[in-house]
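Only heavy atoms go into these numbers, but all of them, side chains included; no hydrogens, no water, no symmetry mates. Because the structure is a prediction, the values reported are computed rather than measured.
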Amino acid sequence: MISVVIADDEKLIRAGLKKILIDSLDIPLNIFEAKNGEEALELCKSEQPELIITDIRMPKMDGIELMHNLSILENHPSIIVLSGFDDFSYAKDAIQNGASSYILKPVDKKELLNSVRAAISSFEKEEKRKNEDYLKSFISGSDIANDVIPDVLNFQKGFYCVSFYGAKCFEIVEPMLLSFQFYCVERMKNSCCFVIPNEALSFIQNDITISTFIVGVSSLENNLGLLKQMIYKSKVAMLNAFFDKITKEISVQKNNDVFYYSEIKHVEDFSNIEKKYEKYIARIDIYDVDLLQTKIKELFDFSNVESESIIEILDYIYRKITIDLFSRYKTYIESDMYLLIKQVMIINIYHANNLQEWIGYIFDFSIYLSNIIKKSKTEYPYIVQAIEYVKKHYTQNINMAIVANYVSINYTWFSEKFKEQVGVNFNDYLKKLRIEEAKRLLEIGCYKVYEVSSKSGFSDVKYFMKSFRENTGMSPTEWKKKFSIN
């Protein structure tokens with residue numbers, strides 16, 4: 001329902017304008033009339049209309065003064081000004097006070113309707129943007145309370161999160177949804193994610209253009225508090241594109257289709273995958289092509305994994321590589337064009353024709369990176385030994401003296417060469433490993449902050465919280481709220 005105030009001191013003009021709007025616009029309208037500027041201002045304060053159509057010359061308060069008073073309201077309407085005076089000064093004052101249109105009397109019906117439609121369209125776009133910003137702010141970690149959710153966001157029959165991947169997917173999908181209440185909560189070059197009402201899903205499924213995209217559909221929900229999890233579910237569902245629908249085995253060719261998140265079974269413990277991942281990382285630091293290839297194969301070995309769990313495990317590995325791996329070796333990646341190109345190819349997983357091709361990107365990236373690291377450390381093999389030791393024992397009570405003693409190197413010499421070869425001093429390197437572990441534990445979502453501190457190697461909770469904020473810009477609690485899937 002769009003509310004409109006018509007302000008004019010002539011009753012017949014108000015009646016004529018009202019009839020034009022009701023007879024010509026195919027949208028529900030709630031129209032209020034005011035015979036002067038004071039009445040119009042009070043109506044705008046009490047009814048908060050989306051649009052006001054006002055004459056310039058009125059008793060008590062003219063249109064220019066009315067517009068000035070409207071401009072200082074928190075929620076002011078769009079303004080269309082009517083005037084019987086072809087006077088530039090009036091038009092100038094109207095525009096300066098925020099009028100969207102200036103129409104001369106006698107009013108041309110077509111011009112009036114075009115102006116009203118444009119004003120309503122502008123309002124609807126602004127309201128949609130505000131609602132999308134509201135949803136995005138919640139996704140990023142803001143709390144949400146049921147009593148402050150805009151009425152328009154209450155989906156009576158539930159809603160889905162639907163992710164799309166494909167060239168110009170946003171430009172193609174958005175027009176398809178215009179007859180529904182929908183919101184875009186993520187948009188990138190070749191991907192986007194929409195919140196859509198229950199009734200819109202079948203419309204999407206039946207549109208032939210969807211066959212050109214990979215589409216992931218979350219479960220149906222009624223609670224906006226689950227929005228972040230629903231976006232995750234829609235993206236996990238998309239990974240089904242790399243697997244045969246029936247056998248769940250890796251497909252020879254990636255499929256374009258609509259895929260649905262399965263609620264049958266979830267992976268709650270990724271500890272075994274985490275161990276495989278750390279063994280893979282350890283082989284990057286020590287150049288050994290055969291062993292590295294073996295560890296990558298083990299990481300992507302789904303032969304003993306239940307079919308319902310494969311997709312979530314693949315998503316977990318994808319996030320570990322694109323977040324943790326790239327963060328660990330950021331300095332190397334940023335200084336080498338080949339690594340930068342491979343990084344982009346790995347991030348854009350759906351560009352790959354199949355899963356094996358994507359895993360090949362990871363192998364190429366890993367071998368190349370490992371060789372660079374080897375070349376930078378061949379003169380100091382004890383640094384490699386030290387890194388291996390630290391990666392195995394960083395959650396324990398270790399320090400540089402213990403590690404230097406382990407590799408049988410003078411403390412001062414070790415400190416100097418460690419920073420020279422690794423790029424950061426020992427304490428910062430150790431802290432970074434512990435922070436990364438803390439992030440992982442927080443993202444699991446079941447540990448308290450003091451437990452995360454202890455499990456990640458920090459003996460002092462206050463120091464852990466201070467270090468975590470310095471490293472991430474967030475408190476551990478904020479990180480958990482933003483990134484925890486559970």
Side-chain angles (χ1 to χ4, degrees), residues 131-132 134-144 146 149 152-166 169 173 176-177 180-187 191-207 210-211 213-246 248 255-270 305-319 349-350 443-446 480-486:
N131 288 328
E132 288 179 345
Y134 175 84
L135 293 174
K136 289 173 185 176
S137 69
F138 174 56
I139 293 167
S140 67
S142 300
D143 288 326
I144 189 169
N146 290 329
I149 297 176
V152 71
L153 292 178
N154 289 315
F155 296 86
Q156 294 181 349
K157 297 180 181 179
F159 64 97
Y160 293 94
C161 278
V162 184
S163 289
F164 297 83
Y165 184 88
C169 57
V173 174
M176 292 166 44
L177 295 170
F180 299 98
Q181 171 194 358
F182 74 97
Y183 301 97
C184 180
V185 289
E186 277 190 9
R187 182 184 176 186
S191 65
C192 54
C193 182
F194 291 97
V195 173
I196 66 168
N198 187 354
E199 56 269 26
L201 184 62
S202 59
F203 183 80
I204 287 176
Q205 292 167 328
N206 294 329
D207 195 290
I210 291 300
S211 62
F213 303 131
I214 298 172
V215 185
V217 182
S218 73
S219 54
L220 178 67
E221 298 289 352
N222 290 290
N223 181 7
L224 277 172
L226 299 173
L227 186 56
K228 185 168 69 170
Q229 291 93 324
M230 292 175 68
I231 294 173
Y232 161 77
K233 289 178 179 180
S234 70
K235 291 182 176 180
V236 169
M238 291 171 70
L239 291 172
N240 278 290
F242 292 107
F243 296 87
D244 183 271
K245 283 186 176 182
I246 300 174
K248 289 294 181 183
N255 305 298
N256 285 2
D257 206 344
V258 180
F259 302 97
Y260 303 87
Y261 182 80
S262 172
E263 295 284 7
I264 298 174
K265 187 174 182 178
H266 304 303
V267 182
E268 296 183 359
D269 183 7
F270 291 96
V305 177
E306 294 184 46
S307 59
E308 296 86 356
S309 304
I310 291 176
I311 308 301
E312 285 193 47
I313 289 175
L314 177 59
D315 174 75
Y316 185 83
I317 296 172
Y318 174 81
R319 288 188 293 120
I349 183 171
Y350 298 105
E443 288 164 17
I444 292 174
C446 63
K480 180 179 180 179
K481 185 181 292 185
K482 181 173 181 179
F483 294 106
S484 172
I485 294 171
N486 298 321

Heavy-atom closest contact (F259 atom, A241 atom, distance)
CZ-CA, 3.5 Å
Check whether any side-chain heavy atom of L239 sits under 4.5 Å from a side-chain heavy atom of Y350, and report yes or no.
yes
Using every non-hydrogen atom in the two residues, find where N222 and Q156 come nearest and quote the distance to one decimal.
OD1-O, 4.2 Å
Taking all non-hydrogen atoms of both residues into account, name the closest pair between K233 and S218 and its distance.
CB-CB, 4.0 Å
Here the pair of heavy atoms bringing V236 nearest to I311 is O-CG2, 2.9 Å
State, with a plain yes or no, whether a side-chain heavy atom of F213 is found less than 4.5 Å away from one of M238.
no
Spacing of CD belonging to E221 relative to CD belonging to Q229, to within rounding of 0.5 Å:
9.0 Å
For the atom pair CG (N256) and OH (Y165), what is the distance rounded to the nearest 0.5 Å?
10.5 Å
OG of S262 to CD of E312, rounded to nearest 0.5 Å, is 8.5 Å
To the nearest 0.5 Å, how far apart are CG in L227 and SG in C193?
8.0 Å
Testing the basics here: between S202 and E199, what is the closest heavy-atom pair and its distance to 0.1 Å?
OG-O, 3.7 Å
Looking at side-chain heavy atoms only, is the closest gap between I196 and F203 below 4.5 Å?
no
To the nearest 0.5 Å, atom CG of N255 lies from atom CD1 of I214 at 8.5 Å
Between Y316 and F270, how do the two ring planes meet: parallel, tilted or perpendicular, split at 30° and 60°?
parallel
Side chains of L135 and L224 in contact at under 4.5 Å (non-hydrogen atoms):
yes
Which atoms form the tightest heavy-atom contact between F180 and P197, and what is the distance?
CB-CG, 4.2 Å
Does E132 use its side chain to pair, donor to acceptor, with the backbone of C184 at less than 3.5 Å?
yes
Could you tell me the separation between the OH atom of Y260 and the OH atom of Y160, rounded to the nearest 0.5 Å?
8.5 Å
Output, in order, the C-alpha distance, side-chain angles, deciding distance and verdict of salt bridge (Lys or Arg N to Asp or Glu O under 4.0 Å) for K235 and E186.
CA-CA 11 Å; K235 291 182 176 180; E186 277 190 9; 2.6 Å; yes
Is there a side-chain contact between I204 and F194 (heavy atoms, below 4.5 Å)?
no
In the structure I gave you, are the side-chain heavy atoms of I317 and I313 within less than 4.5 Å of one another anywhere?
yes
Hey, does L220 have a side-chain heavy atom less than 4.5 Å from the side chain of F159?
no
